[in-house]
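To keep things clear, I will list the structure first and then write my remarks on it.
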Amino acid sequence: MAEHRVLFVCLGNICRSPAAEGVFLHLVKQRDLVDSFVVDSAGTGGWHVGQPADQRMQAAANRRGIHLPSRARQLAMSDLTSFDLILTMDQDNLDAVQSLSREAGGRSTATIQPMLGYARRHQTRDIPDPYYGGEAGFEHVLDLLEDACEGLLETLTNPAKHPE
Ligand code: 4NP
């Protein structure tokens, strides 16, 4: 059985969280750790359910050699027990997941955290929504996610190692 079940969450599940899923899977495959992880993504909203990642997000990821396999789905109450770790892209996503967790009461077992808490090179707390902006916004999302995904994988695979 997989050691780590990780769910990335944003608003629409067509830009940021599918990119997080793709970047993290890319690192996991590079390190030959596929069997240790279940990785998925979801949106707090349901407008884009069933859709692949936004073409602009896919194109930006492909330029870095990263494939985005996701089809959008909406976050469900069951995710709060199916996943160990739920990572949110911005404060609104964090508030929404925490609110759902409160509704679920004792059934919610997942740890809910901001994704950028794992970034080492960037100090910012939120991954900005690139949907209504230009190409640079999608590149910035990937820069932030590559940093945070590296930190996340390092933390999950070396849990005893804490920085001084
Ligand atoms: P995401 O971006 O949350 O990173 O997937 C968005 C995509 C679509 C919308 C909002 C955010 N929308 O309002 O349709």
Side-chain angles (χ1 to χ4, degrees), residues 4-29 37-80 82-104 108 110-153 155-156:
H4 305 286
R5 296 166 297 169
V6 182
L7 181 69
F8 299 101
V9 172
C10 64
L11 176 59
N13 194 211
I14 55 167
C15 296
R16 293 165 293 175
S17 61
E21 178 187 351
V23 169
F24 192 68
L25 278 172
H26 185 77
L27 290 179
V28 161
K29 283 179 191 157
F37 287 90
V38 171
V39 182
D40 197 4
S41 65
T44 59
W47 312 282
H48 298 284
V49 166
Q51 293 179 12
D54 185 287
Q55 283 298 324
R56 299 163 296 173
M57 194 75 254
Q58 287 199 49
N62 289 345
R63 286 195 289 274
R64 299 183 188 209
I66 295 165
H67 169 63
L68 305 186
S70 158
R71 287 267 167 189
R73 72 171 180 87
Q74 190 164 14
L75 180 71
M77 196 78 99
S78 57
D79 290 323
L80 297 163
S82 309
F83 290 89
D84 313 309
L85 188 54
I86 298 182
L87 294 160
T88 54
M89 302 297 123
D90 67 22
Q91 187 64 44
D92 286 347
N93 313 147
L94 183 61
D95 291 345
V97 180
Q98 284 176 336
S99 164
L100 190 66
S101 177
R102 278 192 295 276
E103 259 181 68
S108 174
T111 299
I112 302 161
Q113 293 174 332
M115 181 62 183
L116 287 184
Y118 289 95
R120 276 94 182 259
R121 301 187 299 274
H122 297 86
Q123 301 303 317
T124 171
R125 194 175 161 83
D126 285 345
I127 302 179
D129 182 351
Y131 190 68
Y132 294 105
E135 194 175 298
F138 292 87
E139 295 295 338
H140 183 53
V141 167
L142 289 172
D143 290 342
L144 293 171
L145 285 174
E146 284 183 336
D147 184 4
C149 283
E150 281 166 21
L152 174 63
L153 188 55
T155 302
L156 293 179

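We count ligands from 1, going down the list as the structure has it; atoms in each ligand are counted the same way.
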Worksheet entry | Partner set under ring-ring contact (aromatic ring centres under 6.0 Å, His included) for F24, not counting sequence neighbours |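 Result, ring-ring contact (aromatic ring centres under 6.0 Å, His included) vs F24: F8, F37.
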Could you give the side-chain donor-acceptor pairs of residues 42-53 under 3.5 Å, partners two or more places apart or in another chain?
| from | atom 1 | to | atom 2 | distance (Å) |
| --- | --- | --- | --- | --- |
| H48 | ND1 | Q51 | OE1 | 3.0 |

Worksheet item: Which pair of heavy atoms, one from E146 and one from R121, lies closest together, and at what distance?
Response: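 Taking E146 first and R121 second, the nearest heavy atoms are C-NH2, 4.5 Å.
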Item to complete: Mind listing the closest non-hydrogen atom pair of A60 and E139 along with its distance?
Response: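 Of all heavy-atom pairs spanning A60 and E139, the closest is CB-OE2, 3.8 Å.
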N/O to N/O under 3.5 Å, ligand 1 against protein:
| from | atom 1 | to | atom 2 | distance (Å) |
| --- | --- | --- | --- | --- |
| ligand 1 | 2 (O) | D129 | OD1 | 3.2 |
| ligand 1 | 3 (O) | L11 | N | 3.0 |
| ligand 1 | 3 (O) | G12 | N | 2.8 |
| ligand 1 | 3 (O) | R16 | NH2 | 2.9 |
| ligand 1 | 4 (O) | R16 | N | 2.9 |
| ligand 1 | 4 (O) | R16 | NE | 2.7 |
| ligand 1 | 5 (O) | G12 | N | 3.4 |
| ligand 1 | 5 (O) | N13 | N | 3.2 |
| ligand 1 | 5 (O) | I14 | N | 3.0 |
| ligand 1 | 5 (O) | C15 | N | 2.9 |
| ligand 1 | 14 (O) | H48 | NE2 | 2.8 |

Worksheet item: Would you call D79 and R5 a salt bridge, using N to O less than 4.0 angstrom?
Response: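 Judged by the 4.0 Å cut-off on N to carboxylate O distance, D79 and R5 do not form a salt bridge.
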Discussion item. R120: which residues meet the salt bridge (charged side-chain N to carboxylate O under 4.0 Å, His left out) condition with it, sequence neighbours left out?
Written reply: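 Testing R120 for salt bridge (charged side-chain N to carboxylate O under 4.0 Å, His left out), a comparison that skips the adjacent residues, returns none.
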